Structures are given as C-alpha cells and as structure tokens.
There are 2 protein chains.
Amino acid sequence: MTVPALNNWQSVQDEVVRRIHGGVWNQGDLIPNEADLAREFGCARATVNRALQSLADSGLLDRRRKAGTRVAMLPVRKATLEIPLIRKEICDKGHTYGYAQVTRRRVPSPARLASKMNLPRGTKLLHLLCVHSADAKPYVIEERWINPDAVPAVEGVDFSQISPNEWLLKHVPFSAGDIAFFAMSADQPVADLLECEVGEGLFVIDRSTRRDTQAITSVRLIFAPGYRMHTVLSLPT
Amino acid sequence: MTVPALNNWQSVQDEVVRRIHGGVWNQGDLIPNEADLAREFGCARATVNRALQSLADSGLLDRRRKAGTRVAMLPVRKATLEIPLIRKEICDKGHTYGYAQVTRRRVPSPARLASKMNLPRGTKLLHLLCVHSADAKPYVIEERWINPDAVPAVEGVDFSQISPNEWLLKHVPFSAGDIAFFAMSADQPVADLLECEVGEGLFVIDRSTRRDTQAITSVRLIFAPGYRMHTVLSLPT
DNA sequence: GAGTGGTCTAGACCACTGT
DNA sequence: CAGTGGTCTAGACCACTCC
C-alpha cells in the first residue's frame, strides 16, 4: 500500500499539502521529523528538507530546531510584489512612455525624511519632482530625494533626459530598503500634475533605500486615479 | 591570495554580490558556471547552487540551463507582503479589537465578480458587509462574497460572532488566488461606516481565492484613512 | 549534440533550543 | 543534554535549451 515512492521534492510537497488539506495533520499539529518522513516516502532527507523548507517559506509550516515542524496556526498569506522600472511597466502595458522633470532643487533634508533616512543633521538632499506618462496622460508623479553623499555622481546627471527611477536602478542597484503603500487625497499641486480632481483618492508608494546603513534615496510615487497594483497569491495547490 | 575558502552558501552569496557591486561582473554579464565557481571558492557545487538560486529568487540573477547565469539587466525589486488576519494585525499594534456584521444577504453574483471569480451564470453568493475596529474606531470595512457551492458549511455560520476573514482562514485555509491594491474615494455609505469624510482617499485591497479552479471567496477591504501597509525590501547586502 | 543548471542521494557534522 | 532542523560534501543523473 505504500505510496509509489516520492522521488522529488515537489511530490513530497504535494503529499504534505494533501495531508494538511485532508485533515491528516491539523493546524498546530506536530508532523513527523525529516528522517521519518524520508523513510516513509522512500527518499533522501535532503529531499524532504527541501519540500518542507519551501512550505515554511510559504507560511504553511512553522519549523524550529529541536521543536520540530508544525502546521502553522495562522497561515499567514504572503504575496510577492514585483516592483518594476516605471518605464518598463508602461511599455509592457502597450502604452507610449513619456517623462518630464518638473523641478530640481537642493534642499535641507526635511525632518520627516531625516529621521526616516537616518541622516546627519543639516544634510542637503537633491530633490526632484518628475512625471511619468502613458500615452501622453500622466501616470505617476515621482517625488525623489537623493543623498549626494551616497551617490556623488548624481550631481552631474541631467534628470530631464532620464528619470531618477531609471538612473538609480542602473547605477545604484541592489540596495536594501523598506516600502509602504497607502492612499491619499489629491491636493491642488498634485491634481494639476496628474490632471485629476482635487480630493480624488490616489494610490501612493513610499520607498527608502540604503546600502549598509547609509541612506541613498527616498521616493514617493503618487499614481493617477485608476492605478491598480496586482499580484498572485501563490500557495501550493 | 586565494580567498580563505567560502564554506557556506551565505558567504558565497555575499562574495557574488560583492563582485556585482564592485563591477567585476556587470549587468548582463555571463558569470562562470557553478562547477568553476565551486572550484574557485573551494566548496561543493551544491553550495554554489544554493547561493545562486537564492540570488535568482531575489531577482539579481537570471539563470537558464545551458545559457548559464547572467547578472540581471533590470534587477526587478521584489517585496514580500505578509497578509495577516485582521484581528491579529490590530492586536499586534496594541489596540483593542472590535468587530461587527452590518449586513448579510444572498445575492445573484454581480457581473463584475462572476467573471473575476469564473462563476457559472446565476450562481447565488453570500454577501457580507462587516467592520473591524481598533480601540472602537473603524479600522477596515470587509465586503465579502462567498461561493456556498465551494463552502457549504458557510450557511450555518453566525458571522455576527466571527468575521468571515477569520472563519475562512480557519476553515478554508491554503488556497491560491490573486490580489490587487489601489485607492478609491470614500462615497457616502463607506464614509458612514468608516466615520470619515466623503471623498477622502482610502486604501483598498481586492482579493479572490480559489481551490483548484473553483472560486471560494472574493473580498474587498477598505481601510480607514491613515492606514499604511509596509514591508521590507530585502536584498542581500 | 553538448553544456548548463536542477535535483537526488547517502552520509556527515553543526547550531540551535526545549526539557 | 539530546533531538531537531540547517547545511555541506562528493558524486551522479536528468532536463532543458542553445548552437
């Protein structure tokens, strides 16, 4: 009656999911350890490990050394968002990309940013206001602050030709950071730039990035009405 | 001169990232194959594989059989969002959780949902309108549609005691789906429920889940003003 | 066809942590 | 202290895909 030997980690994963779905293992239950499962499934422990680790990443299992592996009590859903280059996002949708720099200034770092970006007092930042458009209609406002101490080369860049979004991705790639999503109501200046009504609800992304502990840049993206960011909730079966 | 042997996958990953940062390998470049790197680093190929696979998951590398491994041209940023139980989210913030069901009806599936949830024509859905609150202030509106064909047990549940959000998570866990984030302006009924101004910009999440191909539930979460969803952009150093 | 990443195995040692 | 997951190794075979 033994199962016909699960010889790859995907089939092991499927079997584990099946047992959870089927109620063989319930939320909070301790499941057998890797060695036992490997013996039962007729495969190597590394294969079981790979399968369970993948499920733990998905949030279905909680694993701790010595304590063993449990079915997660509250299976936290995880969604992976891909945050593309704005130009690419617009082109991929089949629209014509447009871009314009609105203002460029050097400013003392605003208090709100100084703390968020962990900047020394009195740091001067480069502040840019730009608009990306799709088929000549405003698509998103990019309000950008850049720490010139972290990116000296930025002083010589002409951001009327290339957006900070794109330049930074090419020249300062691979940094860590944090990101927040929320909504705001359009005020007059924003409404003017996005050609929408004052008060309209807009989708906003705030993002700060740094390398090691040095703040590189902070950006606020304010999207035109109608924008939707979507992705897939991928859980095994 | 040789590096002191990278004997774990994290250090291999760090070294690869260092070489990309340092310009040893540039965007679009083909990097050496796993066997060569393993020899150079003085570790097993599996260790290199683990490191590179992790970097590919992060979007820094593009890997294809036979074609080899390249530094990604447009390093797509990936953010992982955890979508918690609403009650848990509120409690974790240290607030008192409150919940109320506003309405409960059986309705023909609206056209918009019928297509999104891929329902047969004429399917009747259970429609619920609920409000979750934090410290007695409205926190989020949960507008929920449930397909009773997929979850027959739902007919007997008293959703004035437990939110659909929580009941479904406990009883219909582990399903796939898709999710979208956007902003809307509060209309009168929404403003009444959230105790905010009409027209105010609100953060909204639409989510549909299914098991296999059968639609289970669709939900719209409309958050009170001020809500921010945030996460970390985790890229290796 | 040949070269690359993807995976499996069997065994080993280590790191963490509950008891 | 002892049991569990986390990882490494050396070798092997397979699957994909570019040429």
Side-chain angles (χ1 to χ4, degrees), chain A residues 2-17 19-20 25 28-73 75-76 234 236, chain B residues 2-17 19-20 25 27-73 75-76 234 236-237:
Chain A
T2 58
V3 253
L6 308 177
N7 47 339
N8 63 53
W9 71 269
Q10 305 249 16
S11 59
V12 171
Q13 188 184 55
D14 288 349
E15 175 59 21
V16 171
V17 170
R19 293 191 183 183
I20 296 174
W25 296 328
D29 283 0
L30 195 63
I31 77 175
N33 67 36
E34 295 186 348
D36 288 346
L37 287 176
R39 232 170 292 124
E40 182 190 349
F41 293 151
C43 64
R45 183 167 79 92
T47 307
V48 174
N49 180 279
R50 172 85 190 243
L52 298 188
Q53 206 155 39
S54 166
L55 290 174
D57 286 345
S58 302
L60 275 77
L61 298 176
D62 284 335
R63 323 190 72 204
R64 267 167 26 237
R65 286 161 149 131
K66 164 75 183 178
T69 300
R70 292 178 179 278
V71 181
M73 272 302 203
V76 176
S234 55
Chain B
T2 56
V3 252
L6 308 178
N7 48 339
N8 65 52
W9 71 270
Q10 304 250 15
S11 59
V12 170
Q13 190 184 54
D14 288 348
E15 174 60 21
V16 171
V17 170
R19 293 190 184 184
I20 296 173
W25 297 328
Q27 294 180 27
D29 284 0
L30 195 63
I31 77 174
N33 68 35
E34 294 185 349
D36 287 347
L37 286 176
R39 232 170 292 123
E40 181 189 350
F41 292 151
C43 65
R45 183 167 82 92
T47 307
V48 174
N49 180 280
R50 172 86 191 243
L52 297 188
Q53 207 154 41
S54 166
L55 289 175
D57 287 344
S58 302
L60 275 78
L61 297 177
D62 284 334
R63 323 189 72 202
R64 269 172 19 240
R65 284 161 150 132
K66 164 76 182 176
T69 300
R70 294 179 179 277
V71 181
M73 271 303 205
V76 176
S234 57
T237 311

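In what follows, chains carry the letters A, B, and so on, assigned in the order in which the sequence lines appear, proteins first and then strands, with residues in each chain numbered from 1. Just so we're clear, the structure is a prediction, and the values are computed from it rather than from any experiment. Just the heavy atoms: all of them, side chains too, but no hydrogens, waters or symmetry mates, feed the values below.
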Under the rule for side chain to side chain contact (heavy atoms under 4.5 Å, CB included), what residues qualify as partners of [X], not counting sequence neighbours?
X: Asp57(A); result: none
X: Arg70(B); result: Leu30(B)
X: Asn8(A); result: Gln10(A), Ser11(A)
X: Ala44(A); result: Thr47(A)

*Taking for each residue the nucleotide of DNA chain D with the nearest heavy atom, is it Gln53(A) or Gly68(A) whose nucleotide lies nearer the 5' end?*
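The residue closer to the strand's 5' end, by nearest nucleotide, is Gly68(A).
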
_Angle between terminal axes - the helix from dG1(C)-dC18(D) to dG18(C)-dC1(D), 5 pairs each end, rounded to 10°_ =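 Helix axis angle between the two ends: 20°.
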
Protein-nucleotide distance ([X], atom [atom1]; [N], atom [atom2]), rounded to Å:
X: Asp57(B); N: dG5(C); atom1: CG; atom2: P; answer: 15 Å
X: Asp62(A); N: dT4(D); atom1: CG; atom2: C1'; answer: 15 Å
X: Ile31(B); N: dT4(C); atom1: CD1; atom2: C1'; answer: 12 Å
X: Leu30(B); N: dC19(D); atom1: CG; atom2: P; answer: 11 Å
X: Glu34(A); N: dT4(D); atom1: CD; atom2: P; answer: 10 Å
X: Asn49(A); N: dC8(C); atom1: CG; atom2: P; answer: 11 Å
X: Arg50(B); N: dG6(C); atom1: CZ; atom2: P; answer: 14 Å
X: Arg63(B); N: dG3(C); atom1: CZ; atom2: C1'; answer: 14 Å

*Would Leu52(A) and Leu37(A) count as a side-chain contact (heavy atoms from CB on, under 4.5 Å) if you check the C-alpha gap in whole Å, the side-chain angles of each, and the deciding distance to 0.1 Å?*
CA-CA 10 Å; Leu52(A) 298 188; Leu37(A) 287 176; 4.1 Å; yes

*Less than 4.5 Å apart, any side-chain heavy atom of Val17(B) and any of Asp14(B)?*
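Sidechains of Asp14(B) and Val17(B): no contact.
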
Compare side-chain N and O positions of [X] against OP1 and OP2 of [N] and report whether any pair is under 4.0 Å apart.
X: Asn33(A); N: dT4(D); value: yes
X: Thr69(B); N: dT4(C); value: no
X: Asn8(A); N: dT7(C); value: no

*Can you check each nucleotide of nucleotides 9-18 of chain C against protein heavy atoms at under 4.0 Å and return B for base, S for sugar-phosphate only, - for none, in 5' to 3' order?*
B--B--BBBB

Run the salt bridge (Lys or Arg N to Asp or Glu O under 4.0 Å) test against [X] and tell me which residues pass, sequence neighbours left out.
X: Arg63(A); answer: Glu34(A)
X: Arg65(A); answer: none
X: Asp29(B); answer: none

